[in-house]
Participant: 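Structure incoming, see below.
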Amino acid sequence: MRRISMGKSMDAIMALCKRRGFVYQASEIYGGINGFWDYGPLGTLLKRNLREAWWQDMIMNPCWGRQGPDGEPVRCVPVETRIIQHPRVWEASGHVGGFNDPMVDCKACKSRFRADHLIALPLHALTSVETAGEQSREVFVFYGLGTPAEVRQQRAKEIARLEAQRTLQSLVPPLVYLHNYETLKADFECPACRQRGSLTAPRQFNLMFKTYVGATASEDDIAYLRPETAQGIFVQFKNVVDTTRIKVPFGIGNVGTSFRNEVTPRNFTFRSREFEQAELEFFCHPDDSQGWYRFWRDFRMEWWRSIGLAGDNLQLREHDQDELSHYSTGTCDVEYRFPFTAPDFGELEGVAHRGCFDLTQHQEHSRVKLDYFDQERGELLPNGSRKGERYIPHVIEPAAGLDRGALALICEAYTVDESRPSPEIMKFHPRMAPIKAAVFPLVNKDGMPEVAQKLTDELRARFGRHGLIESDPKQSIGKRYARMDEAGCPYCFTIDGDTLTDQTVTVRDRDSGAQERIAIDKVSGYLSERLGL
RNA sequence: GCGGGUGUAGCUCAGUGGUAGAGCGCUACCUUGCCAAGGUAGAUGUCGAGGGUUCGAGUCCCUUCACCCGCUCCA
């Protein structure tokens, strides 16, 4: 029903993606592999255009040259960091702990819970050794993984945290030692169906991909494929500051592939296990951070609009206070209403105020100072210069998902117009369109093919770096227009009999089907203007 | 992980134990003077994979993989 009300069927979009070479199932001839998708020729070009636009508008000419809240032009530099980092990077970032959410299933009612989301269970489930000395206070049972010592530590930390938050009464997660769970499980009841003894032992979901560095592949060689590109930026922050003349406030951008072992890959490419991110970490003085947060939040929204997600299907959603990470003072998501999420929205990009959390974490774990000496702050000295101020910069993180972005572009572009002979049209923004233009001889004779070929060659020489220039002399003109509609080509230039005498061609607009006649030597300028080049 | 559904040509799908099909697309030729996706001809299949039952399996049974939907989850 939702699909019908949206007017867009995900099945139809997926069929078009396959048919026209946007997206293929990965390893399809072997039966596919869960959570992985490949891009075909047009999809590859579409995503490249999206990545290029991000690169241009975030790094090369940040925010289209506009000024930041400090009245200065926004400054950003790129890095390219590796998928595999030192394993301790992921300890510092919190991913080693945070990515391993133990899960518990109820065999009776098939419910699944995050173990740390379960309501507290009575004390008697703990071993006597553990309960000694804790009789006088309210004690809760936790789930936990690892050795008893590790679990004790984990629990102490958790209690301290919850006490600090004054939520101990309501939110304490239960803990049980894995090694003696079987003897204790009769004491536990399922929060959903109240059946006793039906909960499975907590099972660990490894959300990070594990691999081995080195040919011997022993347990000492374990490394992880990055779950986000951001950490590579934080780890190289000091090098960038030390080896360039860039000064806070500034951003460092990083684009690349990340991996997450999603529990349930679903919804076409939306939740893939291998995906590409475009992340910017913008470093600024703590006092200026809220201004920068608002600046990036608004710009990122504007940016997605500018590449074609212009309608009601795009929204900005500020996270509620209880949704925020403990270190964040503000986070919002740029969200798109996909056919499969409608009427709800799915995240395209998160813009997070991360405070000084990441640099502080890496400073502690690496024991390398990661603060910044700002020579433009501090009290004014007699000689006219400033005394300087040392601080750990705060960070605003706009982190975009390129595969989700490409999927949103596809869903937004997909249009069905039953009044047209070929109802399916991909209305890509010209800047995103994989095929920029097509050149057709109206009929394949009378000198028209030659003129068309010459124009094609010219357009390719000028626009080939931005996208495909198609040329097709075969079959009826209607068929050729229809094919271009389905591939999302915005402009078709047609050579007809008049071209040979007055040097004009027709331009057909994809979205309206309307035609106008322009001089053949104006085609290049016409296209350049409309592609925003 | 659980439940439901699907898997046959590039795409959409028909095929209820007995020779592998249609429409669209694709290719070639002809036509065509701006969208009636023209006409004619042609090519295209490990029937998702593996095993079993049977004289015989796309069809029945088992296993498995993938995708879709609903739960669950989404750091």
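The analysis underlying the following values was restricted to heavy atoms, covering all of them including side chains, and did not include hydrogens, waters or symmetry mates. Below, chain A is the first sequence line, B the second, and so on; all start at residue 1.
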Participant: Between A:N254 and A:T81, do the side chains contain a donor N or O and an acceptor N or O under 3.5 Å apart?
Facilitator: yes
Participant: Would you mind classifying the nucleic acid contact of A:G21 as base, sugar-phosphate or nothing, using non-hydrogen atoms under 4.0 angstrom?
Facilitator: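 No contact.
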Participant: Could you give the CG-to-C1' distance, from A:N267 to B:G70, as a whole number of Å?
Facilitator: 12 Å
Participant: Checking all strands, does A:D496 fall into the base, sugar-phosphate, or nothing category for heavy-atom contacts under 4.0 angstrom?
Facilitator: base
Participant: Quiz question: by atom type and distance under 3.5 Å, do the side chains of A:T269 and A:S272 form a donor-acceptor pair?
Facilitator: no
Participant: Judged by modelled atom types alone, do A:Y336 and A:E412 share a side-chain donor-acceptor pair under 3.5 Å?
Facilitator: yes
Participant: On the side chain of A:R20, is there an atom forming a donor-acceptor pair with the base of B:G25 - under 3.5 Å, no angle test?
Facilitator: no
Participant: Can you tell me the Watson-Crick or wobble partner of B:G10, both distances under 3.5 angstrom?
Facilitator: B:C24
Participant: Ion pair present between A:R508 and A:D485, side-chain N to carboxylate O less than 4.0 angstrom?
Facilitator: yes
Participant: Return the nucleotide paired to B:U16: Watson-Crick means purine N1 to pyrimidine N3 with N6-O4 or O6-N4, wobble means G-U with N1-O2 and O6-N3, both under 3.5 Å.
Facilitator: none
Participant: Using purine N1 to pyrimidine N3 plus N6-O4 or O6-N4 for Watson-Crick, or N1-O2 and O6-N3 for G-U wobble, each under 3.5 Å, what pairs with B:G58?
Facilitator: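 Its partner is none (no Watson-Crick or G-U wobble pair with both distances under 3.5 Å).
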Participant: Take atom CD of A:E28 and atom P of B:A9, then tell me their distance rounded to the nearest Å.
Facilitator: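 Atom CD in A:E28 sits about 11 Å away from atom P in B:A9.
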Participant: Using a heavy-atom cut-off of under 4.0 Å over every strand shown, decide if A:R508 touches base, sugar-phosphate, or nothing.
Facilitator: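 The answer is base, as A:R508 lies within the cut-off (heavy atoms under 4.0 Å) of a base atom.
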Participant: Can you find a side-chain donor-acceptor pair between A:R517 and A:T504 that sits under 3.5 Å?
Facilitator: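 There is such a pair (donor and acceptor under 3.5 Å, judged by atom type) between the side chains of A:R517 and A:T504.
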Participant: Say you pick atom P in B:G23 and the same atom in B:A41; how far apart are they, in whole Å?
Facilitator: 12 Å
Participant: Expressed in whole Å, how much space separates the C1' atoms belonging to B:U32 and B:G21?
Facilitator: 32 Å
Participant: Using a distance-only criterion (donor-acceptor N/O pair, under 3.5 Å, no hydrogens), is the base of B:C65 paired with the side chain of A:Y30?
Facilitator: no
Participant: Go ahead and name the base partner of B:U32; Watson-Crick or wobble counts if both distances stay under 3.5 Å, otherwise write none.
Facilitator: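 With both distances under 3.5 Å required, B:U32 matches none.
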Participant: Expressed as a whole number of angstroms, how long is the span from A:R517:CZ to B:G33:P?
Facilitator: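 For the pair A:R517 CZ and B:G33 P, the rounded distance is 16 Å.
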Participant: Could you check which of B:A28, B:C11, B:A37 has an atom nearest any side-chain atom of A:S422?
Facilitator: B:A37
Participant: Rounded to the nearest angstrom, tell me the gap between atom NZ in A:K18 and atom C1' in B:C67.
Facilitator: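 Between C1' of B:C67 and NZ of A:K18: 12 Å.
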Participant: Does any part of the side chain of A:V23, heavy atoms only, come nearer than 4.5 Å to the side chain of A:D38, both counted from C-beta?
Facilitator: no
Participant: Specify the separation, in whole Å, of atom CG of A:D11 and atom P of B:C67.
Facilitator: 14 Å
Participant: From the options B:C29, B:G1, B:C35, select the nucleotide whose nearest atom is closest to the side chain of A:I477.
Facilitator: B:C35
Participant: Only pairs with both distances under 3.5 Å count, Watson-Crick or wobble alike; so what is the partner of B:C2 in this structure?
Facilitator: B:G70
Participant: Checking contacts here: which listed nucleotide (B:C68, B:C34, B:C11) is nearest the side-chain heavy atoms of A:A15?
Facilitator: B:C11
Participant: What is the nucleic acid contact for A:A482, judged by heavy atoms within less than 4.0 Å: base, sugar-phosphate only, or nothing?
Facilitator: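 Answer is base: heavy atoms of A:A482 come under 4.0 Å of a base.
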Participant: In whole angstrom, give me the gap between the C1' atoms of B:G17 and B:C55.
Facilitator: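 Result for the C1' pair: 12 Å, nearest Å.
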Participant: Work out how far the P atom of B:G70 is from that of B:G58, and round it to whole angstrom.
Facilitator: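 Their P atoms lie roughly 34 Å apart.
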Participant: Compute both the distance and the angle, then confirm whether A:R404 meets the cation-pi test with A:F270: under 6.0 Å from the six-membered ring centre, within 45 degrees of the axis.
Facilitator: yes
Participant: Would you please name every residue forming a ring-ring contact (aromatic ring centres under 6.0 Å, His included) with A:Y491, sequence neighbours left out?
Facilitator: A:Y526
Participant: Taking atom types as modelled and ignoring hydrogens, do the side chains of A:S289 and A:H353 form a donor-acceptor contact shorter than 3.5 angstrom?
Facilitator: yes
Participant: Considering every strand and a 4.0 Å limit on heavy-atom distances, what is the contact class for A:R480: base, sugar-phosphate, or nothing?
Facilitator: nothing
Participant: Could you identify the nucleotide paired to B:U53, looking across every strand shown and requiring Watson-Crick or G-U wobble geometry with both distances under 3.5 Å?
Facilitator: none
Participant: Looking only at atom P, what distance separates B:C47 and B:A28, rounded to whole Å?
Facilitator: 29 Å
Participant: In whole Å, measure the gap between the C1' atoms of B:U31 and B:A37 for me.
Facilitator: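 Looking at atom C1' only, B:U31 and B:A37 are 15 Å apart.
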Participant: Looking at the side chain of A:N34, which of B:C34, B:C67, B:C71 is the nearest nucleotide?
Facilitator: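 The closest nucleotide is B:C67.
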Participant: Would you jot down, in residue-number order, the residues of residues 437-450 of chain A having a non-hydrogen atom under 4.0 Å from RNA chain B?
Facilitator: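 Contacting residues: A:L442, A:V443, A:N444, A:K445, A:D446, A:M448.
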Participant: What's the gap between B:C26 and B:C65 when it is taken at their P atoms, as a whole Å value?
Facilitator: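 Going atom to atom, P in each nucleotide, I get 37 Å.
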Participant: Looking only at atom C1', what distance separates B:U8 and B:A57, rounded to whole Å?
Facilitator: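 Each nucleotide's C1' atom is 14 Å from the other's.
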